[in-house]
Amino acid sequence: MRALGLIIFAVFVTFLSLASRAANALDSLRLENPDGGAVRGLIIGIDTYEHVRKLKGAVADARDIESSLQSMGVSDITTLIDARANRESVIQTIGDLVLRTRANDLIVISIAGHGAQEPETLKGSEPDGLENVFLLSGFEPTARGSQQRILGSEFNHFIRQLELRGAKVLFVADTCHGGGLAREIDPRAEEMSFRQVPTYTLTADTLKPVTDQNEPITDLDLDQTTFLAAVDRNTKAPEIRIPGIDGFRGALSYAIARAFKGSADDNHDGKVTLKELFANVRQVVYQLSDQRQNIVTKTSPGRPLDVDVVYQLTREATSNPEATSLPNSDLQKPIVSQSKASEPFSSTTSKRAEAPIRLAALDGGTGYFSNLKPREAMIEIVRPIDNPDLIWDPNSHDVIAWGDVVAYHVDQNDIPSVIDRTAAVRELKTISTKAPQLLRISTGDEQHHNDDVVAVELSDVARRSIILFNISGDGTVQMLYPLGPDANQTDASSFQISLRVRRPFGADQIVAVTSTERLPELEQALSDLNRRRAPSQVIRNVLRYMPANTRIGSIGIFTAP
């Protein structure tokens, strides 16, 4: 039993099916439809709402997905931003898209903005009697404003029209409809932005839905459609900070944009199946949101997840003489990605490492930090309203980040250790987005308390070596696995380790590094750092010793007395 933050309680290994993976490096690729048809996109992003709370990252989400698809060779893309996304333009644009659609096309529809729930318009269409609604920029609960929304049943209507023309549909909803939280927010934290408006009552509903009683009334009534939603019907979707990117974003949109560019091709055969897409996006969102989001995925009945290919990745033909030595026929074949040596994990590390950690005092004072000296990461002192990375409470000495207490009772002299820890976690999140190891808290994502047992589970690890370590809120490194006689590699597909909560409380960052080969140098380097405040050294060692086939998972466990 170990006494630092989290202690090992037990290790359980579950034997499941074998799966393998290599790291991803896809250059000069095109995203293509495996059925031979065109890929077409409709992308909507709304930040500037006229009558309800504005958002901060939905437009950036739309532009990111648009740019990702364009960079992958997709040309038929319509993007509606803010005021352009009014009901008339949305309905017209979808109608035009239906008319352009041909058999075997792949249609990508992505929406980012405020969501809500209202009493269902088609009786019996929803188990709880509530229908999901997407709010447009001019929405307000008045007779006129009620027209500026799109009902879930209306999206189903248009999706059905696309299916009847022989297309498959990928629908991404980076919005939310419920009001719950995976974990409560510390009241001292800065106000968080969620993609959901308070419950409202329409004074008069003048919307005339584009549906009829003969339409399919649930998602699962559709035949060739895949849905990804930011959260379930009862949970809020937060806008988050992405490491290395200014402003706020939606985690689902960010993950989808990366998946389109190849990160979801888990086995590197150039084909992204439903299973690969769901697993990749789910893990990236889970990590980036600090476990506040668990996405919802659905697909039409009868579509085998591990066989049905959503899109494929092919080499892009080029006029570069050095790149055209392959026969033209080879250029049309799905690419099998090579080692990640051509795009090392550390390629953008220096730029992010130079970005300072922004620190504020809860009361806005700056005198507390006059003698603060950085150790590894640079520090920038800002005001609480300036989107700090960390907020220090001068009364309790607690350090807060994005709604969670990272470390309790931290004196000024120890703040640099928390700063270094924050920079290290930022880097780990970025690295793990590129080739994520599936890693979950199987006992729940809520805040945990002293003596609780927390189970952490890794999936898809058959014939992979496993290293697990923790970086506590104050920056202390704790080696978790392997220890002593522990077997480093398993033939099982899943691996579970149980940890018991102990002091110090706050945020523990659990990191999993897996590889097809054992990593003795990394194991030794991490063991040498055990129980030391050395988060920056952890990052340097991980980047130094991990081979091309490495996967990394990084999740937070949040604890309190």
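One-based numbering along the sequence shown. These figures come from a predicted structure and were not determined experimentally.
Using a 4.5 Å cut-off on side-chain heavy atoms (C-beta onward), Arg241 and Arg426 make no contact. Annotation: side chain of Asp266 is in contact with side chain of Asp460 (closest heavy-atom distance under 4.5 Å). Residues Leu228 and Leu170 form a side-chain contact, since some pair of their non-hydrogen atoms from C-beta on lies under 4.5 Å apart. Looking at heavy atoms from C-beta onward, Asp232 lies out of side-chain contact with Asn294 at the 4.5 angstrom threshold. The shortest distance between side-chain heavy atoms of Leu499 and His448 does not fall below 4.5 Å. Residues Ile109 and Leu162 meet the side-chain proximity criterion, which asks for heavy atoms closer than 4.5 Å. Contact of the Ile295 side chain with the Phe278 side chain is not registered, since no non-hydrogen atoms from C-beta on lie closer than 4.5 Å. Looking at Val454 and Asp508, their side chains never come closer than 4.5 Å, going by heavy atoms from C-beta outward.
Under a 4.0 Å N-O distance rule, the pair Arg102/Asp105 does not qualify as a salt bridge. Between Asp76 and Arg100, at least one side-chain nitrogen of the basic residue sits less than 4.0 Å from a carboxylate oxygen of the acidic one, meeting the salt-bridge criterion. Salt-bridge annotation for Arg500 and Asp451: present, with a side-chain N of the basic residue lying under 4.0 Å from a carboxylate O of the acidic one. At a threshold of 4.0 Å, the pair Lys261-Asp64 does not count as salt-bridged, since none of the basic side-chain nitrogens sits closer than that to a carboxylate oxygen. Between Arg249 and Asp174 there is no salt bridge, since no side-chain nitrogen of the basic residue lies less than 4.0 Å from a carboxylate oxygen of the acidic one. We find that Asp308 and Lys275 are not joined by a salt bridge, their nearest charged nitrogen and carboxylate oxygen being 4.0 Å or further apart.
Considering every non-hydrogen atom in both Asp269 and Asn267, the closest pair reads OD1-OD1, 2.8 Å. Of all heavy-atom pairs between Ser263 and Arg258, the closest is OG-O, 3.1 Å. Taking all atoms of both residues into account, the shortest heavy-atom contact from Ala116 to Leu135 is CB-CD1, 4.3 Å. Listed here is the closest heavy atom pair of Ile81 and Ala62: CD1-CB, 3.8 Å.
A distance of 14.5 Å separates CZ of Arg149 from OG of Ser137, quoted to the nearest 0.5 Å. Expressed to the nearest 0.5 Å, how far CD of Glu118 lies from CG of Asn132 amounts to 10.0 Å. One distance of note links OG1 of Thr225 with CD of Glu163; it measures 3.5 Å at 0.5 Å rounding. Taken to the nearest 0.5 Å, the CG atom of Leu29 stands 11.5 Å off from the CD atom of Gln312. A distance of 5.0 Å separates CG in Leu313 from CE in Met72, rounded to the nearest 0.5 Å. To the nearest 0.5 angstrom, Ile44 atom CD1 is 7.5 Å from Ser89 atom OG.
Checking Gln224 against Ser300 by side-chain atom types alone, no donor-acceptor pair falls below 3.5 Å. A donor-acceptor pair shorter than 3.5 Å cannot be found between the side chains of Gln437 and Ser432. At a cut-off of 3.5 Å, with distance as the only test, no side-chain donor of Thr433 or Gln287 sits close to an acceptor on the other residue. Side-chain polar atoms of Asp389 and Thr422 form no donor-acceptor pair below 3.5 angstrom. A donor and an acceptor atom, one from each side chain of Tyr49 and Glu140, are nowhere located under 3.5 Å apart.
With Gln496 contributing its side chain and Ala455 its backbone, the two residues share no donor-acceptor pair below 3.5 Å. A distance-only check finds no donor-acceptor pair linking the side chain of Ser459 to the backbone of Leu438 [under 3.5 Å]. Side-chain N or O atoms of Asn450 include none that pairs as donor or acceptor with a backbone N or O of Pro561 at under 3.5 Å. Thr203 places a side-chain N or O within 3.5 Å of a backbone atom of Pro141 that can act as its donor or acceptor partner. Using a distance-only test at 3.5 Å, with no hydrogens or angles considered, a donor-acceptor pair links the side chain of Glu239 to the main chain of Gly57. No side-chain donor-acceptor contact under 3.5 Å links Asp404 to the backbone of Val406. In this structure, the side chain of Gln291 does not engage the main chain of Ile555 through any donor-acceptor pair within 3.5 Å. Side-chain N or O atoms of Asn33 include one that pairs as donor or acceptor with a backbone N or O of Asn104 at under 3.5 Å. In this structure a side-chain-to-backbone donor-acceptor pair under 3.5 Å is missing from Ser554 to Lys429. Here the side chain of Asp61 pairs a donor or acceptor atom with the backbone of Gly250 at under 3.5 angstrom.
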Given the rule in the ring pair (Phe, Tyr, Trp, His ring centres under 6.0 Å) test, do Phe155 and Phe227 qualify, once you have shown the distances and angles that lead to the verdict?
CA-CA 12 Å; Phe155 276 122; Phe227 293 90; 9.6 Å; no
Candidate pair Arg358 and Asp386, rule salt bridge (charged side-chain N to carboxylate O under 4.0 Å, His left out), full reasoning
CA-CA 9 Å; Arg358 295 160 62 84; Asp386 294 331; 5.2 Å; no
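Residue Arg383 places its CZ atom among 12 or fewer non-hydrogen atoms of other residues, nucleotides or ligands, all under 6.0 Å distant. No more than 12 heavy-atom neighbours from other residues, nucleotides or ligands sit within 6.0 angstrom of CG on Asp246.
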